Amino acid sequence: MIRLENLSKEYDEVVAVRDLTLEIPEGEIYGLIGPNGAGKTTTLRMCCGLLEPTTGRVLVNNVDVHSDLELAQSQIGYLADFFSVYDDLKVWEYLDYFARAYKLDPAAIPARVDEVIEEIGLEVKRDSMVKGLSRGMKQRLGIGRAVIHRPKLLLLDEPASGLDPKARIELRQLLKRLRDNGATIVVSSHILPDLEDFSTSIGVMERGVMLRSGRVQELRDEVEAADARTIDIRWLGPSAAIGDFLRANGITQHALLDREGAFQFRGDDQAVGDLLAEMTAAGIRLTSFHEVKQTVEELYLKLSHGQVM
Amino acid sequence: MIDIKNPELLRYVRSELRPARVATIIGGTLFGAVLLALIVSINADHRFLSRVSYWREVYAAVFIASTVVLVLWTLLNSSQAIVGERTHRTFDFWRTTRLSPLTLATGKLFGAPIGAWLQYATALPILILSGLLGGYHVTTTIGSYLLLALFDVALGSVALCLSMRAQDARRSTMLTFIIALSFLPNVSFGIGGVEAGAGLFSAWSAMNPARGVVAWHEGYPMGVMLFGHAVPSLLLSVALSLAVIAWCMAALVRSVKMEPEQRSLFSPLQVVGVSASILLFVYAAYRPFAFGYDGVDNQHNMSALFASGLVATLFCLYFTLVSTLYSRDDLRHGLRTMNPGQIVSRLVTPWVATGMIGLFAAAWALVGYRHAFEGVAVPWSGVIGTFLVITAYALRDGMFLQWMISQRVKMPVLKGMVLLVCYYVGTAVMAATLVGPDRMGQMLRWLAPISSDPGRPQEVSLLLVAAMLVPPLATAALLASGVFRKMQRAAVRVASAVNA
């Protein structure tokens, strides 16, 4: 869907993005994560043609963004990190303006505007002035603007920053709906829990360099293979039996309370399965046994080797 | 034509012309017209004021008021139209849409002052009615109305260009108003006020159509002298307005979807084109004084023509320099694909071209207007030498500005220009101190030849011209090597940062 080839951007003598090569297939929700100043915004702005790369190129659906800007932009929806909206328009007028600006068929514009208004959940505000909307609603309207022309690729730069928890939940639901509708989405964020629910792939950027990139599960497996896994358990009966069992199996890192606890275990899925079978065979009455998955935040910390945050 | 399907224009129509605002504008205009009619009535001495005169005064008051409101409103809104999008962070939105630069530019040109246009349109029926009652032909009213509208569009396009380049809305508005206020009264009543004989005015007066419009209403067509021939002033006003609009639209189409630092206002070719247009107009507007005896006025005519051409060429040269300088990034990127020699040749080509156009225009004017200084020999070697030398000095100054840019100073062009002004003033003071004011020109010919007496070109030997070219060109070469040494070091630093 989108391919970045040896992309670099220099501002005077500052290198904002260094030799970035990346390919994001269709249907992915790609989370671009990193601290402020990592080069996420610069990367996204180059992807949508707002910035010209110093070297390298961006291909969207095999269209070079900088040599055929108009064709590429017809396939891209972009939401900037800090943005404003035209306050003196009504909600439907705002979307209508962008539908015309993206050269949609004039006859189809009213229906498309209504469709997007419904999609972003602003039906009751259709005829309200934009200046009367809350921050979260304006954010959703911004996303509505970005998808009005049914782009195949959606680039969202820090879409959740500055939103209250309720607006964040609504935004997350909206992005999930867009994902379900088949859009390829690239979301940059430094608020990692925002990406937790819906990212299928992530890339970790720091100081203009892509440290790691890949599918979330693959990266998780990679990290977990190198690290101890955390197993959360609950049981019936005395804690001492559990402690004895774990020590007998060489598991020394554990924290056990009355009927619940967790321990660190090194091994693959097969080993985890064997351990569970042995515990059951040893007469331990487990009521719960599950592995605590790494959050994106933990993955990020491990992938970036704790250099920042 | 204005296309109402233009999304940008439609946006302005929707946001600026909501029913309440439309009612306010129309009501305000009608109320203003009634108020003006009452004021005229109160101030008039009814014993002497005829009905026709009364309506003429009402007509003039409404016409002036609605035009002034249109112009001020246009300047204010247009000067904020693009920079406002940047400061309000809506700029990136329309940069990512498929709106073409031409659609955006025309949408902004007519859309930003849409309220002013409504006010102006509301005034038209009042003008036609009061004009008819005042004895003016309807074609005079509508013709003047359209002409002033065109003039307003030209001013609006200049304001939009400034808005495109400015970093903040306040600066853009201030600059727009300074430009508008500085040239409107001067052109109309200063340069244009001097008659060129036989009832003809200077072509400069046509830059502001107000005087021509007044003359049209008074029943005599105002003529201006263009290339030594009488031309209707209003016709020239239309041509000038269209030329300004055309150049501004060229600049807008080139850069409206870019950040100001991403692209210069004009391409090098366009800059040279603008310079050629300015030179053409300066020579076209030249007015010979009446012929005298003993060749005194003839000598004066030639000196005036030469001096005005020289000043215009200098203006065009420095306009070209400032418009075509490379940013540090452009230089560093250029060095990746080109060698310094190629970059220098690309850089100086428009400068040299402008200097040569200035020279050819001067030669053409001296030949074309030779009837105005018959009997006075044109010192061709002096003319050619002077233009070559000022071009060489412009090259040096341009390279100095480029060197300032390569030094990472803030506002390098502004600071560089200030230093150059100090240098030229300093050389003048030094010359006056060393050789005395009488022979200052001779001294300045070496230090800063453009300060030597520009009105009196003298025959000079080719050897002298060649000798005068050496110091500026050598300095320019030294500065160029300094620029590229600096930029190559910067490129190495960046490359090592990328590799790291």
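These values consider heavy atoms only, across backbone and side chains, with no hydrogens, waters or symmetry-generated copies. In what follows, chains carry the letters A, B, and so on, assigned in the order in which the sequence lines appear, proteins first and then strands, with residues in each chain numbered from 1. All values derive from a computational prediction rather than experimental measurement.
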- So do the side chains of B:His333 and A:Glu10 get within less than 4.5 Å of each other, counting heavy atoms only? yes
- Query: What part of B:Phe91 lies closer than 4.5 angstrom to a heavy atom of chain A: side chain, backbone, both or neither?
  - Reply: neither
- Item | Part of B:Arg95 lying under 4.5 Å from any heavy atom of chain A | both
- How many angstroms lie between atom CZ of B:Arg328 and atom OH of A:Tyr11, to the nearest 0.5 angstrom? 16.0 Å
- Message: Does B:Met174 have more than 12 heavy atoms from other residues, nucleotides or ligands lying within 6.0 Å of its CE?
- Response: no
- Message: Around atom CD of A:Glu118, are there more than 12 heavy atoms from other residues, nucleotides or ligands closer than 6.0 Å?
- Response: no
- Query: Which residues in residues 129-152 of chain A have any heavy atom lying under 4.5 Å from a heavy atom of chain B?
  - Reply: A:Met129, A:Arg145
- Item | Over 12 non-hydrogen atoms of neighbours within 6.0 angstrom of CG in B:Leu269 | no
- Give the C-alpha distance, both sets of side-chain angles, the deciding distance and a yes or no for side chain to side chain contact (heavy atoms under 4.5 Å, CB included) between B:Glu85 and A:Tyr86. CA-CA 9 Å; B:Glu85 299 270 5; A:Tyr86 295 120; 2.8 Å; yes
- Item | Evaluation steps, side chain to side chain contact (heavy atoms under 4.5 Å, CB included), between A:Tyr97 and B:Phe93 | CA-CA 11 Å; A:Tyr97 166 70; B:Phe93 289 169; over 6 Å; no
- Which residues from residues 96-104 of chain B are near chain A, with near meaning under 4.5 Å between non-hydrogen atoms? B:Thr96, B:Thr97, B:Arg98, B:Leu99
- Message: Shorter than 4.5 Å, heavy atoms on both sides: which option in A:Leu51, A:Leu50, A:Leu89, A:Leu79 has the most such pairs with chain B?
- Response: A:Leu50
- Side chain from CB out, backbone as N, CA, C, O: work out which of these in B:Asp92 comes under 4.5 Å of a heavy atom of chain A, or both, or neither. both
- Grab the two heavy atoms, one from B:Arg18 and one from A:Asp88, that are nearest each other, plus how far apart they are. NH2-O, 3.1 Å
- Query: Yes or no on side chain to side chain contact (heavy atoms under 4.5 Å, CB included) for A:Arg100 and B:Glu8, after CA distance, side-chain angles and deciding distance?
  - Reply: CA-CA 9 Å; A:Arg100 288 168 193 273; B:Glu8 189 65 11; over 6 Å; no
- Approximate separation, where rounding is to 0.5 Å, of A:Glu93 CD and B:Arg11 CZ: 11.0 Å
- Among the listed options A:Val85, A:Asp96, A:Ile76, the residue most often paired with chain B at heavy-atom distances under 4.5 Å: A:Asp96
- Query: With only heavy atoms counted, which part of B:Glu259 is less than 4.5 Å from chain A, the side chain, the backbone, both or neither?
  - Reply: side chain
- Message: Just checking A:His66: does its NE2 atom have more than 12 heavy atoms from other residues, nucleotides or ligands closer to it than 6.0 angstrom?
- Response: yes
- Using non-hydrogen atoms only, which part of A:Phe98 is less than 4.5 Å away from chain B: side chain, backbone, both, or neither? side chain
- In this structure, are over 12 heavy atoms from other groups packed under 6.0 Å from B:Gln407 atom CD? yes
